[in-house]
Each structure stands twice: as structure tokens, then as C-alpha cells.
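Step one of this worksheet: look at the structure below.
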Amino acid sequence: MAARQVAAAGAHAILFDEKMAWEKPCGGGVTYKAYRQYPFLEKSGSVRRVTRTCLHSPGAGAVSLTLDKPMLIFSRRELNQLLLDRAAGAGAELRRERVLGMRREAERWAVRTAAGEVKADFVIVATGARNPLRDTGTAFQAADTMTALGYYVPREQGHIDLEFFGGFEGYLWVFPRAGHLSVGICGKGEAATEMRARLERYMESRGISREGATFYGHMLPSLEASSWRGNRLAGDGWLAAGDAGGLVDPVTGEGIYYAMRSGELAGTLAAEGREAEYAGAVTGEFVHDLAYASTLARRLFLGRYLFGANTDRMIQFLRRSTRLNGIVQELFAGTMPYHDLRKQIKSTLHLTLTEIGVNLFLRRIVSEGNE
Ligand SMILES: Cc1cc2nc3c(=O)[nH]c(=O)nc-3n(C[C@H](O)[C@H](O)[C@H](O)COP(=O)(O)OP(=O)(O)OC[C@H]3O[C@@H](n4cnc5c(N)ncnc54)[C@H](O)[C@@H]3O)c2cc1C
């Protein structure tokens, strides 16, 4: 996204990526918010459009939601290729090389790869969560990341499954992709071996065989509320976009949209010589809200309401409340800022509880599911 903007503005953009299009460990889920803003995403041939989602927890059973705004699920190899083609189409030069280091020389950069050195006026760092260019981008502390791991399973299904566990700060997903499933788990505060065991127990309980499946593991930025302050998004001659800037939703783990949007902003502003505005622009547009979401994530996953885990209550209430269903739809679509979501939940809580009470009394279920 950044290279495309720079090249489209008429500057010489060189995009270095050591792997180019590859199956980056990822669910590949793209929200309505993302494809509304970038309609070219919807036109990709191999994308899956998924409308049915099933939420489950051992304590509350299941509830099924039909998403008003479907989620698109990509193979990351194809999403990456799509974005690379767009950058090349705008005139960016693509080089499949690893950047080994960068040195600041007067007002320029010397960017070093195995093939030699390139001089650059400006650098946009989009090297992901395991950014090896340590002096640029977010300086992650251990608490600022989630572990994310899973399997690509050669199997088909038409819907998304999400599993919550009371007392675990994270969740498990089954995403249907073209030709296979991405079955994974992400979370904080638990060792990777325990999370993998949790995931494998789930797969066994659902009859999802690991035979022929490929394991993947990676880290996912999940900045603590305090780490957003002072987060390094920009410096002398550089900007950081995407995971390299920690730009991931700490509740849902959504990072593709934020990587695309921050890359686009970084490229546009750098090409116009307005790079000083970048940190303020991303902060105003979404960092404030992501920072607020950091304060909610732990409460959502680990908190309790009416003597039960919040996630259990969410599933139970979803079965009985159209009002809550509407709010959760917004969460899946990514269209409502967390500030507004929280406000709406609080201001309508009494109405939601009344609706649940009435529907319990009438034994009426508004979203199907089982206890
Ligand atoms: C298991 C898992 C599941 C996820 N699921 C979802 C999901 O369903 N939906 C969603 O929105 N987000 C999801 N995310 C988050 C999402 O994958 C990231 O937020 C997103 O990929 C960030 O994009 P990026 O371009 O910043 O970094 P990346 O996609 O990590 O890309 C970084 C690129 O930099 C290259 N690179 C790194 N170092 C160098 C170097 N020194 N020289 C040259 N090239 C280099 C790499 O080859 C790579 O191609 C998930 C993450 C994980 C780990």
C-alpha cells in the first residue's frame, strides 16, 4: 500500500521483501470495514465470503449468528500478491531481497541487502511483528504481544467457528479458506505449549484431524494500554506501518486493515513531504481507539458478569437479545469504534436485560444455538 502510494505520486519506490507473496501465518479474515474502504479486495478470485459464524464456550454452549456484513477470508499468499501487483502496477520496483541493515548517512539512508547498498531519501518500515530493524518501529515488551499458532487443515466448512474459554485471554478460530481451514488460537498469559495443547484438544473434540495439516506459529502485536503512549511510529527519515508499528486490534487481533491503512497513509504523506503528520493521522484515525480497546480486552476475556465469565454471558445473552446481536454484528464488521460500542452497551444495558428476561420467560430464542 505504501509503495503504491509513493510510486503513484511519481517518486522512485523500491519495495524490498525477502519472501514477497507467501502464506504468512494468519487467519486471513478481512472485515467489512476493510473491503468497504478498499473495494478491490472483494474482486479477488479466491476469496471466501462467509456469513455464518458460530460462537461457543464450554460454559455457555453455542450461538449462531448470520452476519449482515459478511467477512472475507483470504489466502495470505493471494492477498499479498494482490497488493504487490497493485504496487508494481503503479510503478514500484519490487526486489525479493532481505534488508540486512540500514544506516543513516547525513540526510539519507544506506539500505543494505546481500545484493549491495541502496541509497534512499526515506524509509517506510513494514517488516511485521518480528521486525528485525530494531531501531525503527515499535519496541515491543513481552506483554505487548500475543502468541498465535494453528494449523492449515485440508478440509472444508462453510462457516466460522469461534471458541472462548472463561479465564483465557484470547480465543480460538476456525476460518474456512479456499481449499482448507485455518484453525488457530491467539492469546496472552499462557505458554505456547499450553495454547497448542488447548487447540489440539479442541480439534480432537470437534473431529478435526491433524493428519496432513501444516502447523504455523507467529506473534501478534497486542500493545498494553500504557505502551501506546510513546509507541515509536515515526523517527528521523522513517515511518513504521502495520505490525512493525504495533497496529493491531488487541481484542479481535485484526491487523490486515490497520496494516493497509497505515501503509497507505505513510506512503501518501511521505510522498508529499508531510511525514511529520503521520503519527498524528493514524492516532486520530484509529490508534486512540485501539489503545482504548487494550483496556477492554482483559476485562472482556477475563472479567465476570452476574457470577459467570463475560464470554459465557455474551453467548447466553446473544441467544435471547436482538439488541446485543446488533452490537456484536458491529464488532464483526469492525465499523463501530470501541468507545461507541462500550457507550452503546452501557446505555442500552437495562433494555437488553429486559429483553433477555422477557425472552427467557417466553422461552423465545432470537439467535439459534444450544446450551
Ligand atoms: C496466527 C495469526 C492470525 C491472524 N489472523 C488475522 C485475521 O484473520 N485478520 C486480520 O486482519 N489479521 C490477522 N492477523 C494479523 C495480521 O496477520 C497482521 O496484522 C498483518 O499481516 C500485518 O501486516 P504487515 O504488512 O504489517 O506485516 P506482515 O504481514 O508480517 O509482513 C511483513 C513482511 O515483511 C517482510 N520482511 C520482514 N523483515 C524483512 C527484512 N529484513 N527484509 C525484507 N523483508 C522483510 C516479510 O517477508 C513479510 O512479507 C493474524 C496474525 C497471526 C499471527
Side-chain angles (χ1 to χ4, degrees), residues 1-3 14-35 38 41 48 50 71-77 79-81 83-84 87 94-102 111-115 118 123-134 136-138 145-152 160 162 170-177 182-187 192 195-196 199 215-223 233 239-264 266 290 332 334:
M1 294 297 283
I14 306 179
L15 186 158
F16 293 101
D17 195 313
E18 58 181 329
K19 298 190 191 131
M20 290 295 172
W22 63 295
E23 203 49 72
K24 194 233 151 178
C26 186
V30 169
T31 56
Y32 169 76
K33 168 182 61 192
Y35 64 81
Y38 302 116
L41 289 171
R48 290 278 304 256
V50 183
M71 184 169 278
L72 302 186
I73 306 198
F74 276 88
S75 142
R76 278 303 301 267
R77 186 185 301 281
L79 176 59
N80 288 14
Q81 191 62 60
L83 298 178
L84 289 166
L94 309 191
R95 289 203 197 169
R96 190 183 179 131
E97 290 167 40
R98 179 174 174 79
V99 174
L100 302 171
M102 303 191 313
V111 178
R112 187 166 49 86
T113 74
V118 167
V123 168
I124 296 172
V125 180
T127 38
R130 289 186 182 139
N131 174 18
L133 307 169
R134 301 247 166 232
T136 53
T138 300
T145 62
M146 282 197 250
T147 301
L149 51 90
Y151 288 93
Y152 298 124
I160 293 171
L162 296 176
Y171 67 94
L172 185 157
W173 69 85
V174 181
F175 277 6
R177 313 215 309 194
S182 170
V183 185
I185 185 167
C186 64
M195 281 174 54
R196 186 167 178 175
L199 175 70
F215 180 75
Y216 61 80
H218 206 72
M219 73 187 233
L220 191 56
S222 174
L223 265 57
L233 284 171
L239 301 177
D243 282 15
L247 303 174
V248 172
D249 181 325
V251 174
T252 61
E254 177 180 14
I256 293 172
Y257 169 77
Y258 299 106
M260 290 178 67
R261 179 63 184 141
S262 58
E264 181 182 44
L290 296 183
F332 274 98

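The chain is numbered in sequence order, starting from 1. Every number for a ligand or one of its atoms is a count from 1 in the order of the listing.
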Close-contact set for ligand 1 against [X] heavy atoms, below 4.0 Å:
X: Phe175; result: 8 (O)
X: Ala126; result: 32 (C), 33 (C), 34 (O)
X: Trp22; result: 47 (O), 48 (C), 49 (O)
X: Gly27; result: 3 (C), 4 (C), 5 (N), 6 (C), 8 (O)
X: Ala148; result: 1 (C), 2 (C), 53 (C)
X: Gly253; result: 12 (N), 13 (C), 14 (N), 15 (C)
X: Pro25; result: 1 (C), 2 (C), 51 (C), 52 (C), 53 (C)
X: Asp243; result: 18 (C), 19 (O), 20 (C), 22 (C), 26 (O)

message = Could you check, using the six-membered ring where one of them is a Trp, whether Tyr32 and Tyr35 have ring centers closer than 6.0 angstrom?
response =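 Judged by ring-centre distance (under 6.0 Å), Tyr32 and Tyr35 do meet the cut-off.
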inquiry  = Do Glu23 and Tyr216 pair up side chain to side chain, a donor and an acceptor below 3.5 Å, judged on atom types alone?
reply    =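 Result is no, nothing qualifies.
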ask   = Using a heavy-atom cut-off of under 4.0 Å, does the side chain or the backbone of Trp173 touch ligand 1, or both, or neither?
value =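 Side chain only; the backbone of Trp173 stays clear of ligand 1.
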ask   = So which bit of Val248 gets within less than 4.0 Å of ligand 1, heavy atoms only: side chain, backbone, both or neither?
value =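 Looking at Val248 and ligand 1, just side chain atoms fall under 4.0 Å.
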request  = Determine the minimum heavy-atom distance between Arg96 and Met20, stating which atoms define it.
outcome  =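 Minimum heavy-atom separation between Arg96 and Met20: N-CE, 3.7 Å.
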Looking only at distance, does [X] have an N or O less than 3.5 Å from an N or O of ligand 1?
X: Met219; value: no
X: Cys26; value: no
X: His218; value: no
X: Arg76; value: yes
X: Glu18; value: yes
X: Ile256; value: yes
X: Asp17; value: yes
X: Ala244; value: no
X: Lys24; value: yes
X: Gly242; value: no

Quick test: of every protein heavy atom, which one is nearest to [atom], and how far off is it to 0.1 Å?
atom: atom 42 (N) of ligand 1; answer: Val99 N, 2.8 Å
atom: atom 12 (N) of ligand 1; answer: Gly255 N, 3.1 Å
atom: atom 51 (C) of ligand 1; answer: Leu220 CD1, 3.2 Å
atom: atom 9 (N) of ligand 1; answer: Gly29 O, 2.8 Å
atom: atom 27 (O) of ligand 1; answer: Gly128 CA, 3.4 Å
atom: atom 24 (P) of ligand 1; answer: Ala259 CB, 4.0 Å

ask   = If you measure from each heavy atom of Gly184 to ligand 1, is any distance below 4.0 Å?
value =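 Flag not set, Gly184 not near ligand 1.
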request  = For atom 38 (N) of ligand 1, state which one of Val111, Leu72, Thr127, Asp249 supplies the nearest heavy atom.
outcome  =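 The nearest heavy atom belongs to Thr127.
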